[in-house]
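Structure record follows, encoded as structure tokens.
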Amino acid sequence: MRYDDRLKTVLKGPFPDGNAAALQWRQVADLMAQKPGRLVNEDVQSGLTRLRDLHDRVSENDRVSAVMALGGRLRSAPLLVYLCADSDPVCDAAVLAADLTDEEWTDVIPQLSPRGQYSLRTRTDLGPLTSEALSINPSESADVLDRLTLVSQDPVQEENDAENTETSQISSLVAKIEDYQRNRPTEALPSANIEHRSYFVEAIDAINFETDDSGTIIWAEGPPKGAIVGVTIAEPTFDDGPGPDAYGAAAFRQRMPLENARMRLCGAPIVAGDWRMSAIPYFGDETGRFKGYRGVMRRPNAAEDAGHNSLDVERREQLQQLIHELRTPLNAIIGFSEIIEQQLFGPASFEYRTLSRNISDEAQRLLTGFEDLDIAAKIDAGQMESFSGVTEPEWLLDRLAQRLQSLTESKSVDLHINKAEPLRPFALDSDSVERIFARLLSAAIIACENGEELKADLRTRIGAQPVNYFSLSRPSRIAGVPEDELLDPSQGIEGDVSDAPLLGLGFSLRLVRNLAKSANGILSITDDKIGLTLPAVATSELNIRETESE
């Protein structure tokens, strides 16, 4: 099972100093801010400990800048409490950036510093529960304000002037940020805050970047580096966090070039949003070992940005063209492999024939992945059609036995399908039925441990609209995984990479679900079974009288 381990990945690195310390402080704060409900207590403690250890190595200006970049995305109560215990400017920026529910605010108010409670009173978007919690003791507000005022009454006039100047600058900056969020002005900030100006008014159209062999971006040219260094291109994005789409992550796993993959960045407004990413892998000159990716990100053009929930015509045409260009050399590779294996041009040693068979199998696996991408694009665009027809269950089971034989043998998996008679034919064309069952069973077999047994049952349910219901026991490696996680495109399985679905287990199951839906069927997942329901022929189509009952 895959999980969001980006925070642990950042914390595993060496303890930084100088500019690297500021970058890591920003990364840890950004990751903690956006995933309050997905971080276990151990992760929260580790993140806060790292922020504390880096505190003296990161200037106040850098901390304020990093917190301001979280504007509207700071959803972690523990992080907010920690930041409110920092200096006044950091505290003010944290309260301004926080996005908690009314109930969450009431829980966190008692834990905030006096400065944090006072800053919270300046917000105008508080809910009734929060407002009530802040006004429980009317004298508290005046008391807090008096204490804050006394802080500036230092007997040394120079320190007093310095504090007043700093407070004035921070107050001015916070006011301008609030005004920006309300009115989105185009004018630049005053020169006193020139270091923060790029986060609000400048524009970047392209970002050059480089990753390490794990897919983590280690160098970038153009944006504030803290907003992109540390982001991974190896795992699909979680929720609203940064990351690539399933295609980009799959291409990374296969060490394939990326062409206009979707990428989302978070953090500073100058880089936040959707990007298109193109990159190629690079390898060491002496060892030939894979070292990472080098590429460029660009903002999507108007045509690419036209539909966020479906692929537009241009995008589909680009994808189909890409698949066509990849299929052509793969088919040639398969053809030459078969020539060697069958010794059509002359004798070949056993080693060469074995190698050619392995090459042919891998090429076939890639072709299947490309076909899945093509099908997914058609479904997303509403172009996937299920053709009417009739498919006999016996024919389907024979085809599946032939198609899955090599996979079941390689995994030593015993697949037992019980056919409950009488069983009606499927009211779908044979290609559609075989495609759905083959992808479901392939994903299930790959998720099995070696030597595992899979039990399935196929029966007809009679009713106004008769259906064929197929139930399959859950493979052990995905037992107990919730349905939403199982269908997440980032969901994968551990084991031999050559066995894993090209685009991931979650992608394969989601594809099966969408294929079933396009055929007026349903893919259902319970605690111990995976169910597939597809339409069966009606009695009139069978041209016989039946008296079956459920």
Side-chain angles (χ1 to χ4, degrees), residues 4 6-7 10 22-36 38 62-76 79-80 83 93-94 96-100 173-174 176-186 188-189 193 195-209 211 216-217 219-233 235-245 248-249 260-279 295-302 304-306 308-309:
D4 190 352
R6 288 174 293 169
L7 179 60
V10 172
L23 293 179
Q24 188 173 104
W25 199 97
R26 179 187 292 268
Q27 293 167 15
V28 173
D30 188 78
L31 290 173
M32 292 186 65
Q34 300 178 63
K35 304 291 182 224
R38 302 288 287 274
D62 286 336
R63 299 199 306 276
V64 171
S65 173
V67 175
M68 287 192 304
L70 298 174
R73 297 185 296 110
L74 202 171
R75 305 184 182 98
S76 171
L79 178 61
L80 176 61
L83 294 175
L96 180 65
D99 180 23
L100 303 183
L173 178 59
V174 171
K176 288 184 178 297
I177 296 172
E178 291 177 334
D179 184 66
Y180 168 81
Q181 292 177 332
R182 287 193 301 266
N183 304 318
R184 300 187 67 84
T186 58
L189 297 178
N193 298 311
E195 63 179 345
H196 307 305
R197 181 173 58 191
S198 63
Y199 290 100
F200 298 99
V201 298
E202 294 179 0
I204 292 180
D205 296 325
I207 302 173
N208 297 318
F209 69 95
T211 77
T216 302
I217 296 177
W219 173 85
E221 181 182 37
K225 293 179 174 56
I228 184 172
V229 172
V231 174
T232 179
I233 68 170
E235 298 291 343
T237 178
F238 289 85
D239 300 330
D240 297 327
D245 58 6
N260 292 328
R262 293 173 182 264
M263 182 73 182
R264 183 166 61 216
L265 296 179
C266 301
I270 193 173
V271 298
D274 293 330
W275 295 78
R276 294 297 181 270
M277 175 174 60
S278 298
V296 61
M297 299 182 197
R298 61 174 178 82
R299 288 291 188 182
N301 56 44
E304 291 171 327
D305 217 13
H308 296 289
N309 297 323

Carefully, step by step, assess R26 and S65 under the rule side chain to side chain donor-acceptor pair (under 3.5 Å). CA-CA 9 Å; R26 179 187 292 268; S65 173; 3.2 Å; yes
Going by heavy atoms in the side chains, are [X] and [Y] under 4.5 Å from each other?
| X | Y | result |
| --- | --- | --- |
| V231 | T216 | no |
| I207 | W275 | yes |
| V229 | Q27 | yes |
| R63 | W25 | yes |
| P300 | R276 | yes |

Kindly indicate, with the supporting measurements, whether the criterion side-chain contact (heavy atoms from CB on, under 4.5 Å) is fulfilled by D245 and M277. CA-CA 10 Å; D245 58 6; M277 175 174 60; over 6 Å; no
Hey, is the main chain of F209 close enough, under 3.5 Å, to the side chain of E221 for a donor-acceptor pair? no
Return yes if some donor-acceptor pair links the side-chain N/O of N208 with the main-chain N/O of V296 below 3.5 Å, else return no. no
To the nearest 0.5 Å, what is the distance between CD1 on I217 and CD1 on I228? 4.0 Å
Return the CG to SG distance between L70 and C266, rounded to the nearest 0.5 Å. 10.5 Å
Does the salt bridge (Lys or Arg N to Asp or Glu O under 4.0 Å) test come out yes or no for R75 and D99, once each step is laid out? CA-CA 5 Å; R75 305 184 182 98; D99 180 23; 3.5 Å; yes
A249 meets the side chain to side chain contact (heavy atoms under 4.5 Å, CB included) criterion, sequence neighbours left out, with P236, P244, R253
Show the nearest heavy-atom pair for residues [X] and [Y], with the distance to one decimal.
| X | Y | value |
| --- | --- | --- |
| A261 | G248 | CB-CA, 3.9 Å |
| I233 | M263 | CG2-CE, 4.1 Å |
| V67 | A93 | CG1-C, 3.6 Å |
| A22 | D62 | CB-OD2, 3.8 Å |

Taking 4.0 angstrom as the limit, do D30 and R73 come out as a salt bridge? yes
Pair M32-L74, side-chain contact (heavy atoms from CB on, under 4.5 Å): steps then yes or no: CA-CA 8 Å; M32 292 186 65; L74 202 171; over 6 Å; no
Working for side-chain contact (heavy atoms from CB on, under 4.5 Å), residues M297 and L265: CA-CA 10 Å; M297 299 182 197; L265 296 179; 4.1 Å; yes
Kindly indicate, with the supporting measurements, whether the criterion side-chain contact (heavy atoms from CB on, under 4.5 Å) is fulfilled by R298 and N260. CA-CA 9 Å; R298 61 174 178 82; N260 292 328; 2.9 Å; yes
